[in-house]
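In what follows, a structure is listed as structure tokens, so that the remarks can point back to it.
As the structure is a prediction and not an experimental result, all values here were calculated from the model.
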Amino acid sequence: MEISDELRSFEATGVYRLNVTGTSTGAAFLDPVRLLNGSYQRFRIIPSAYYSRSFEPPRQVGNPETEPPEKRRKRKRNQKPKPRGLNAMERIAEARHQEARPLLLSAHESLIKDKYLLEHISKMIEGKEHKLDVGSGFENNFVELGTSWRAPFYEITICFRKPHVLGNGEGSFNAQKTSFPLFNCIISVEAIDEAEGDFQNRHYILPRGSCFLMSDFKRVRDLIPGSSNQGYNLIVVDPPWENGCVRQKEALCCRYPTLPNKYLLYLPVQELAHPAGALLVLWITNREKLRMFVEKELLPSWGVKDPTVFYWLKVKHDGSLIGDLDLFHHRPYECLLIGYINVNTDAKQGSNFKLLEGTQVIMSVPGAHSRKPPLEKLLSEYIPGPKPPRCIELFARELFPGWTSWGNEPLHFQDSMYFSEK
Ligand code: SAM
């Protein structure tokens, strides 16, 4: 099979741009494993560990004899394509969906028509090296540990490899082990390659140039840089939104705690933004009440005007959607609202970045519950300020080089069970 230039570039970058015929919408397919592997020299992410959800047995359809009535009602409601008698909020949500639908379908059609890409997607989970302890609950529960009275006493020991010049002038490295308080302490990985951390019998792989703060929301202001030119140019926020879906899953599998939506008004987004400008990305759910709160209160309070909507459309390894596009309570897509802080969006001249224009559809195969695809490469041309950009993720569960990751479990996906040695 002849490899197209786009596929060659995809193999190098993990981003595959698709032409969507008949619309001005941009579309791209992302391979998160390839994107993340660009951050590591000695390790690589195990595709089958990243895509562990693809190996889960299909959801069991309840047995009408034994299923509790509440669960049966929820299941039936979630299976309905379009509920009758929508309330006012649901009608607005449905209208938004109808507006997005043609874009989503065209983007998906362009993926399905691309036989090179489809073949690549089907191979993404090849290799049966899936480690059994992914999702088995052996990993540390940082959320719980962080709230224990012992939290101030927990330490992580990190082994950094630092450059060292030998007597004959040749370059080598020294391994240095240092212990740090695990919670409420900003830790930076300054080393020649990835560092390795040990905490409570688990091993963690930390990318070079990453930085993290594991703390509760109450300590989020510890992130505010000492000087404003150390502010961030890309700010990604993926809040633990309060909504029925997460509460329900939390009750079933204790995934993560949620936060009252109003608390987010206190996130110091303005103080984190670089004075030369920042691109802000906010992941939201499809609930209309939340969308209204975000558009009317939250984004204005952070100084973000006229955000652009992006969609994350989730596909399976055969390229099909993970669910029916029209299922009212379970859309196979999520939205991102993206806008600028400290940037005059009317002044198009003289800037060192491209202003975002119009909606884009991002497609990828989803990893673990709520794990989002990495966005820096896709958005790099739209990020204002100095290069390379300074990036931060709020409510993070993993680390990236050049990024600060904050949340109550930013080491979650850095557990060595997700990695193999190169
Ligand atoms: N962006 C992440 C990813 O791609 O894997 C998912 C983030 S998830 C939607 C929200 C995160 O916020 C969870 O890790 C959750 O534990 C964390 N969180 C919940 N309450 C928090 C709090 N009070 N302080 C800090 N983090 C919190």
Side-chain angles (χ1 to χ4, degrees), residues 15 18 25-32 35 50-51 53-54 78 89-90 92-108 111 234-250 255-256 258-259 261 264 279-295 298-299 304 307-316 319-339 356 358-376 378-379 393-398 407 413:
V15 179
L18 288 147
T25 306
F29 179 81
L30 303 186
D31 178 354
L35 279 158
Y50 184 95
Y51 295 116
R53 244 201 309 175
S54 306
N78 291 344
M89 286 283 196
E90 288 171 338
I92 301 173
E94 182 58 23
R96 282 194 206 274
H97 170 69
Q98 290 304 330
E99 197 187 321
R101 204 174 178 279
L103 307 178
L104 296 166
L105 285 174
S106 314
H108 186 236
L111 181 145
L234 175 62
I235 304 177
V236 174
V237 193
D238 185 14
W241 296 115
E242 253 192 333
N243 68 45
C245 175
V246 172
R247 260 207 308 272
Q248 181 189 337
K249 283 185 176 144
E250 191 192 341
R255 310 248 186 182
Y256 56 72
T258 61
L259 210 57
N261 296 346
L264 297 164
L279 186 68
L280 178 118
V281 178
L282 176 65
W283 287 94
I284 57 169
T285 68
N286 289 316
R287 287 182 87 210
E288 188 53 34
K289 201 171 158 202
L290 173 67
R291 178 80 174 252
M292 286 193 172
F293 162 70
V294 165
E295 286 180 346
L298 192 61
L299 291 181
V304 179
T308 303
V309 186
F310 274 37
Y311 297 95
W312 175 36
L313 188 61
K314 302 175 210 177
V315 298
K316 296 191 209 163
S320 64
L321 297 181
I322 61 158
D324 182 342
L325 187 60
D326 294 316
L327 218 53
F328 189 83
H329 291 287
H330 272 291
R331 305 282 193 218
Y333 64 87
E334 291 182 36
C335 296
L336 305 79
L337 295 182
I338 309 188
L356 258 187
T359 296
Q360 293 195 26
V361 180
I362 305 165
M363 290 171 279
S364 73
V365 177
H369 170 251
S370 205
R371 190 173 188 180
K372 309 301 191 302
L375 297 175
E376 184 184 347
L378 183 81
L379 296 175
E393 182 179 357
L394 305 179
F395 302 105
R397 292 191 296 182
E398 63 192 308
F413 291 122

**Item:** All salt bridge (charged side-chain N to carboxylate O under 4.0 Å, His left out) counterparts of Arg291, not counting sequence neighbours
**Value:**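 For Arg291 the salt bridge (charged side-chain N to carboxylate O under 4.0 Å, His left out) partners, ignoring immediate neighbours, are Glu295.
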**Prompt:** Taking only residues two or more places apart in sequence or in another chain, which ones pass salt bridge (charged side-chain N to carboxylate O under 4.0 Å, His left out) with Glu376?
**Reply:**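 Applying salt bridge (charged side-chain N to carboxylate O under 4.0 Å, His left out) to Glu376 gives none.
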**Request:** Under the ring-ring contact (aromatic ring centres under 6.0 Å, His included) rule, collect the residues that match up with Phe413, sequence neighbours excluded.
**Result:**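 Only Tyr418 meet the ring-ring contact (aromatic ring centres under 6.0 Å, His included) criterion with Phe413.
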Do [X] and [Y] have side chains that approach each other closer than 4.5 Å (heavy atoms only, starting at C-beta)?
| X | Y | answer |
| --- | --- | --- |
| Thr308 | Leu337 | no |
| Ile92 | Met292 | yes |
| Leu379 | Phe310 | yes |
| Leu282 | Leu299 | yes |
| Arg287 | Met89 | no |

Side chain to side chain donor-acceptor pair (under 3.5 Å) partners for [X], two or more places apart:
| X | result |
| --- | --- |
| Lys314 | Glu334 |
| Asn261 | none |
| Ser370 | Tyr256, Lys372 |

**Message:** Under a 3.5 Å cutoff, is there a donor and acceptor pairing between the side chains of Ser364 and Trp312?
**Reply:**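 Note: Ser364 and Trp312 side chains meet the donor-acceptor criterion.
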**Message:** What's the separation between atom CG in Leu313 and atom CG in Leu321, rounded to the nearest 0.5 Å?
**Reply:**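 Nearest 0.5 Å value for the CG-CG distance: 5.0 Å.
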**Request:** Using a strict 4.0 Å threshold on nitrogen-to-oxygen distance, state whether Asp326 and Arg101 make a salt bridge.
**Result:**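 Yes.
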**Request:** Test Tyr333 against His108 for side chain to side chain donor-acceptor pair (under 3.5 Å), laying out the working first.
**Result:** CA-CA 11 Å; Tyr333 64 87; His108 186 236; over 6 Å; no
